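A short worksheet on the structure shown next.
For clarity, every value in this text was computed on a predicted model and none was experimentally measured.
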Amino acid sequence: MRTISEGPVALSARALGPDLARGCMLLFIALANSHYFLTGTSAGTSAGASVRGGFPVDVSALDSAVTWVVATFVDGRAFPLFGFLFGYGVAHIVRRQTASGAAPREVRRLLWRRGAVLVAVGVVDAMLFFVGDILAMYGVLLLVGAWAVRWSDRWLLVVAGLLFVLTALPSADSSSVSTDPPDVAMLPPDLATQLAERPAAVALIALLGPIGFACPYLLGLWAGRRRVLEQPERYRGLLSAVAAVGITVAVLGAQPVALMLAGATAVPSADVLELIGPLHDAAGVLGGLGYAALIVLLARPLEGLVEGRRGRLIDALAATGQRSMTCYLLQSVVWAVVFTPYLLDLAGTLTVTGTALLAVATWVASVALADLLARRDRRGPFEVLVRRVTYR
């Protein structure tokens, strides 16, 4: 069999639904990441916590309401969606390469090159800007998960199911109920401390993070083989069910944690926290799938329209999804400038509401940038980098 490397898909040939989902969910990524920088200013609970689940305690009524919204609809919901879309994209690459006549070994090497460049960019981002970067984690997931592209459908679903159950098991490690404030690796007092403290944190996130995202990644591989998001008319029943069930379960499953974080209910015992934290996280996996299905269904009437006839906002959001890596890294730069102690040092000043507004403003700026690049018919710089390394 020949070893041919088919190049990337032209922007004009990409399906609208997945790109629209990526563009919209980058807002959720911004909201989910930014509040974890907040340090809190009061003793808060009887245990002396100043933050819980990444939110300051003892805040205003407005901040409590914003906390509830973010904890219910955002935290633990956006990242599984990106894991799913990541797997979906990998399946798309494998399908195109296989159709072009590429040997399985060449396809695997192509995926490894893609994984390697994600690790490299992610490590640089984590060391210099945002220590919680997920690109290196996705790169590691692909380096290992490249073998999964040859699994049968049954194995993909069985392993994904087992990993989902693992996510839902009682645990004290859920970040949704953690009282750990931002550590020195996240908010370093100076550059020397930053470069000294971050390698261990970066390695931990990159090596352990893929465990939590393997489930949606495998489901994305399964869905990508069937082109579920690209053929919404064919899979309308499945997409409707996933949207309805996934989002409903995500909202209901978030309430024990969301109401507690908002101060509407008391903080329960440690044993209960070990139950509701993983419940929040597991429900979020279903919520991420539900969001993807809902956005694709909403985009269906626009799928056949060419750019310029779908509306300015839709085109801009799709352009953002097409340049999601560049837009994501733009967020990292903003977080570094705003929160790092030796720069603006606003981690102890901004409120939950103020941080949410900052996240929205950052996302809007990234949408504007992506729209500008699209109008100039240019890919994002980091998308160009990944494609050049991947396809050589």
Side-chain angles (χ1 to χ4, degrees), residues 25 27-81 132 164-182 212 243-291 294 347-348 350-360:
M25 286 301 107
L27 170 60
F28 280 26
I29 293 290
L31 290 167
N33 280 336
S34 55
H35 72 83
Y36 277 99
F37 286 95
L38 301 181
T39 58
T41 57
S42 67
T45 68
S46 59
S50 60
V51 298
R52 187 178 292 277
F55 296 97
V57 301
D58 288 351
V59 294
S60 68
L62 177 59
D63 284 345
S64 294
V66 174
T67 295
W68 179 84
V69 170
V70 174
T72 296
F73 298 103
V74 176
D75 282 359
R77 277 87 185 122
F79 290 108
L81 168 59
F164 177 78
V165 171
L166 181 64
T167 302
L169 292 177
S171 171
D173 297 328
S174 173
S175 61
S176 66
V177 297
S178 172
T179 57
D180 294 336
V245 174
I247 295 176
T248 299
V249 171
V251 171
L252 295 178
Q255 292 317 298
V257 167
L259 291 173
M260 176 194 68
L261 295 178
T265 60
V267 178
S269 66
D271 290 340
V272 175
L273 288 174
E274 291 179 8
L275 293 175
I276 65 176
L279 171 64
H280 182 277
D281 300 337
V285 174
L286 300 181
L289 301 178
Y291 284 148
L294 177 61
L350 284 177
T351 63
V352 174
T353 303
T355 304
L357 292 174
L358 172 66
V360 173

Measure from the side-chain N and O atoms of [X] to the backbone N and O of [Y], and report whether any donor-acceptor pair falls under 3.5 Å.
X	Y	answer
His280	Ala71	yes
Tyr291	Phe73	yes
Thr39	Pro181	no
Thr265	Met260	yes

Please report the interatomic distance [atom1]([X]) to [atom2]([Y]), rounded to the nearest 0.5 Å.
X	Y	atom1	atom2	answer
Leu259	Ser64	CG	OG	11.0 Å
Leu38	Thr355	CG	OG1	4.0 Å
Ser175	Asp180	OG	CG	10.0 Å
Asp271	Ile276	CG	CD1	11.5 Å
Leu294	Leu289	CG	CG	12.5 Å
Leu350	His35	CG	NE2	13.5 Å

Quick one: closest heavy-atom pair of [X] and [Y], and the distance?
X	Y	answer
Gly253	Pro256	O-CD, 3.6 Å
Val57	Arg52	CG1-N, 4.1 Å
Asp75	Gly53	OD2-O, 4.4 Å
Pro182	Tyr36	CG-O, 3.3 Å
Ala32	Phe79	CB-CE1, 3.9 Å
Thr72	Ala258	OG1-CB, 3.3 Å

Do Thr351 and Thr353 get their side chains close enough for a donor-acceptor pair, meaning under 3.5 Å? no
Exactly one of Val245, Val251, Leu252 should register a side chain to side chain contact (heavy atoms under 4.5 Å, CB included) with Thr248. Which one does? Leu252
Do Val74 and Val69 come within less than 4.5 Å of each other through their side chains, counting heavy atoms only? no
Any Leu169 side-chain heavy atom under 4.5 Å of Pro278 side chain: no
Residue pair Phe55, Val66: steps toward the side-chain contact (heavy atoms from CB on, under 4.5 Å) verdict: CA-CA 10 Å; Phe55 296 97; Val66 174; over 6 Å; no
